[in-house]
Number of protein chains: 2
Amino acid sequence: MKNDITTEQKIKAAAREVFISKGFAACSTREIAKASGMNVALVNYYFRSKMELFKLVFHDAMEEFVNSMVEVFRTDKPLEDKIRLLIEKEYDFLSRHPELPGFIVNELHREEGYEVDSSYFDKVLNSGIVEECQRAFEAGTMREINLVSLTLLIMSNCDFPFMSKNLMKGIHKLSDEVYETHLNNHKKIVTDMLISYLFPQKSI
Amino acid sequence: MKNDITTEQKIKAAAREVFISKGFAACSTREIAKASGMNVALVNYYFRSKMELFKLVFHDAMEEFVNSMVEVFRTDKPLEDKIRLLIEKEYDFLSRHPELPGFIVNELHREEGYEVDSSYFDKVLNSGIVEECQRAFEAGTMREINLVSLTLLIMSNCDFPFMSKNLMKGIHKLSDEVYETHLNNHKKIVTDMLISYLFPQKSI
DNA sequence: AACAGTTTTAAACAAGTGTTTAAATCAACT
DNA sequence: AGTTGATTTAAACACTTGTTTAAAACTGTT
């Protein structure tokens with residue numbers, strides 16, 4: 001059949017799984033080959049090297065990671081609602097890809113690591129959200145805050161809870177299931193906290 | 001001289017540096033040996049294996065990580081001040097050990113990873129802070145929030161900004177120095193946000 | 001059926017891995 | 001000076017690593 005999954009796709013899919021769950025250094029070409037049901041030579045036949053394959057996987061990961069944000073900014077809503085929706089969507093996205101932020105943050109941290117191609121985030125910065133924040137600052141509807149801190153606030157409170165799952169489970173002696181429900185509670189807490197900080201009620 | 005740094009200490013110190021900056025999988029015994037100015041055999045002579053050495057390093061890292069919190073809880077201050085001080089001290093600590101949280105979170109994430117010996121955190125949980133929060137809930141001086149979310153709020157907003165340095169530098173095209181100053185600004189923002197969320201002003 | 005091009009395989013390569021061996025060096029004490 | 005024990009060294013072990021080779025199997029076309 002024509003629309004079967006090709007060998008190339010199988011390998012890339014397996015590589016994605018292995019790379020994201022163990023990291024570049026902690027896995028071998030043979031492990032990826034075995035996970036895809038193929039052999040070592042095929043990995044390099046289609047992708048030239050472990051490194052090239054990794055770059056593809058990392059690139060895809062970054063795209064997904066960023067796109068999940070940009071969608072929200074493109075919607076036609078008041079800024080406050082956009083931020084609410086952003087947090088909501090981020091928690092959704094991270095529930096489906098809980099290992100992504102840790103993978104990205106960690107691989108970027110290795111010194112041999114690749115720099116972030118900033119074009120990934122140009123999408124975000126060119127989505128109009130920056131100007132929208134600027135207007136909100138000037139109109140006094142949003143607390144004045146620089147963009148780095150705004151990014152940090154949102155990402156810290158969305159990504160870290162997923163990245164630190166094992167640590168949190170250890171600290172509080174929780175099962176996977178219980179932690180899931182905590183994550184769900186936490187989403188609301190984070191939303192409330194961020195919204196009330198960023199959009200303070202003006203008391204006359 | 002008697003109080004020279006011993007070979008054992010040199011190796012452990014070098015191992016700490018290498019393990020924390022590259023992770024367990026991404027470095028070799030020979031790299032650690034070279035970094036300490038010794039040879040491979042000495043590493044295993046003193047520490048039996050790469051794994052045993054890693055466990056020691058990880059253990060120390062965990063202790064430092066936890067101790068930096070517990071100190072604060074032992075002080076004799078109102079709860080709100082303790083939280084302020086905690087954030088302050090965490091940012092201080094993380095400025096000196098910026099790679100620690102990423103190291104811990106990431107090594108705990110590898111499936112072959114060691115579970116968190118929960119005794120590390122028993123120190124925290126037995127420091128009296130839990131009861132103090134409970135009393136504050138009942139007295140209505142603090143927003144009622146479960147301990148998992150409280151931990152998450154504080155750690156997310158303290159640790160993530162250090163863990164995501166390279167990502168943030170990439171997103172916003174910042175130099176090391178500029179990001180440092182952003183971190184300093186962010187500390188105040190985080191403090192304000194957390195305090196005003198956890199200790200809301202009662203409007204009659 | 002014969003060809004040509006792509007895909008797959010098993011095997012090999014050199015280099016690097018964690019670990020161990022056995023000999024050499026050192027320090028302290030008789 | 002000789003003995004004992006701890007420390008250090010170079011070399012080797014068996015195994016895994018990423019990558020390449022060259023032959024085999026498969027595909028579609030004439």
Side-chain angles (χ1 to χ4, degrees), chain A residues 1-61 103 106-107 109-114, chain B residues 1-61 103 106-107 109-114:
Chain A
M1 322 164 196
K2 198 92 192 298
N3 53 354
D4 259 3
I5 305 162
T6 68
T7 301
E8 189 171 352
Q9 290 169 326
K10 277 185 203 163
I11 294 173
K12 193 169 160 190
R16 182 195 163 97
E17 204 158 326
V18 176
F19 276 141
I20 289 184
S21 84
K22 314 184 59 166
F24 178 80
C27 74
S28 68
T29 317
R30 280 164 181 83
E31 188 175 352
I32 293 168
K34 186 166 284 182
S36 64
M38 306 295 150
N39 65 50
V40 232
L42 279 174
V43 175
N44 279 19
Y45 174 73
Y46 284 106
F47 300 96
R48 301 172 48 93
S49 73
K50 183 190 178 188
M51 191 62 205
E52 290 300 316
L53 177 50
F54 176 80
K55 283 181 184 168
L56 282 183
V57 169
F58 188 81
H59 171 81
D60 288 0
F103 171 67
N106 199 61
E107 295 294 339
H109 172 262
R110 305 181 314 150
E111 51 192 336
E112 331 89 10
Y114 335 93
Chain B
M1 325 164 194
K2 199 89 194 301
N3 54 354
D4 260 3
I5 305 161
T6 67
T7 300
E8 189 172 352
Q9 289 168 326
K10 277 185 205 163
I11 294 173
K12 195 169 158 187
R16 182 194 162 96
E17 205 158 324
V18 176
F19 276 141
I20 289 184
S21 84
K22 313 184 56 166
F24 178 81
C27 73
S28 68
T29 316
R30 280 165 181 82
E31 188 176 353
I32 293 168
K34 186 166 283 182
S36 65
M38 306 295 150
N39 64 52
V40 232
L42 279 173
V43 175
N44 279 18
Y45 174 72
Y46 283 107
F47 300 97
R48 300 172 48 92
S49 74
K50 183 190 179 189
M51 191 62 206
E52 290 299 316
L53 177 50
F54 176 80
K55 283 182 185 170
L56 282 182
V57 169
F58 187 81
H59 172 80
D60 288 1
F103 171 67
N106 198 61
E107 295 294 339
H109 172 262
R110 304 182 314 151
E111 50 192 337
E112 330 88 9
Y114 333 94

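Naming convention: chains lettered A, B, ... in sequence-line order (proteins, then strands); numbering from 1 in each chain. Keep in mind the model is a prediction, meaning the values are calculated, not measured.
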> Within a radius of less than 6.0 Å around CD of E17(A), do more than 12 heavy atoms belonging to other residues, nucleotides or ligands occur?
Replying inline: no

> Is there side-chain contact between F58(A) and F19(A), with at least one heavy-atom pair below 4.5 Å?
Replying inline: no

> Are F47(B) and K12(B) close enough, and set up right, to give a side-chain contact (heavy atoms from CB on, under 4.5 Å), and what steps lead you there?
Replying inline: CA-CA 9 Å; F47(B) 300 97; K12(B) 195 169 158 187; 3.9 Å; yes

> Rounded to the nearest 0.5 Å, how far apart are CZ of F54(A) and OG of S49(A)?
Replying inline: 11.5 Å

>> Would K50(A) and F24(A) count as a cation-pi pair here, with the cationic atom under 6.0 angstrom from the ring centre and within 45° of the axis?
In response: yes

> Can any side-chain N or O of Q9(B) pair as donor or acceptor with the backbone N or O of T6(B) at less than 3.5 Å?
Replying inline: yes

> Hey, where on DNA chain D does chain B first and last touch, going 5' to 3'? Cut-off is any atom under 4.0 Å from a heavy atom.
Replying inline: dA6(D) to dA12(D)

> Is there a residue in residues 32-47 of chain A whose heavy atoms reach under 4.0 Å of DNA chain D, and which residues are they?
Replying inline: V40(A), A41(A), N44(A)

> Between T29(B) and dG18(C), is there a side-chain N or O to OP1/OP2 distance below 4.0 Å?
Replying inline: yes

>> Treating N106(A) as the side-chain partner and H109(A) as the backbone partner, does any N or O pair qualify as donor plus acceptor under 3.5 Å?
In response: no

>> Salt bridge or not between K55(A) and E52(A)? Use side-chain N to carboxylate O under 4.0 Å.
In response: yes

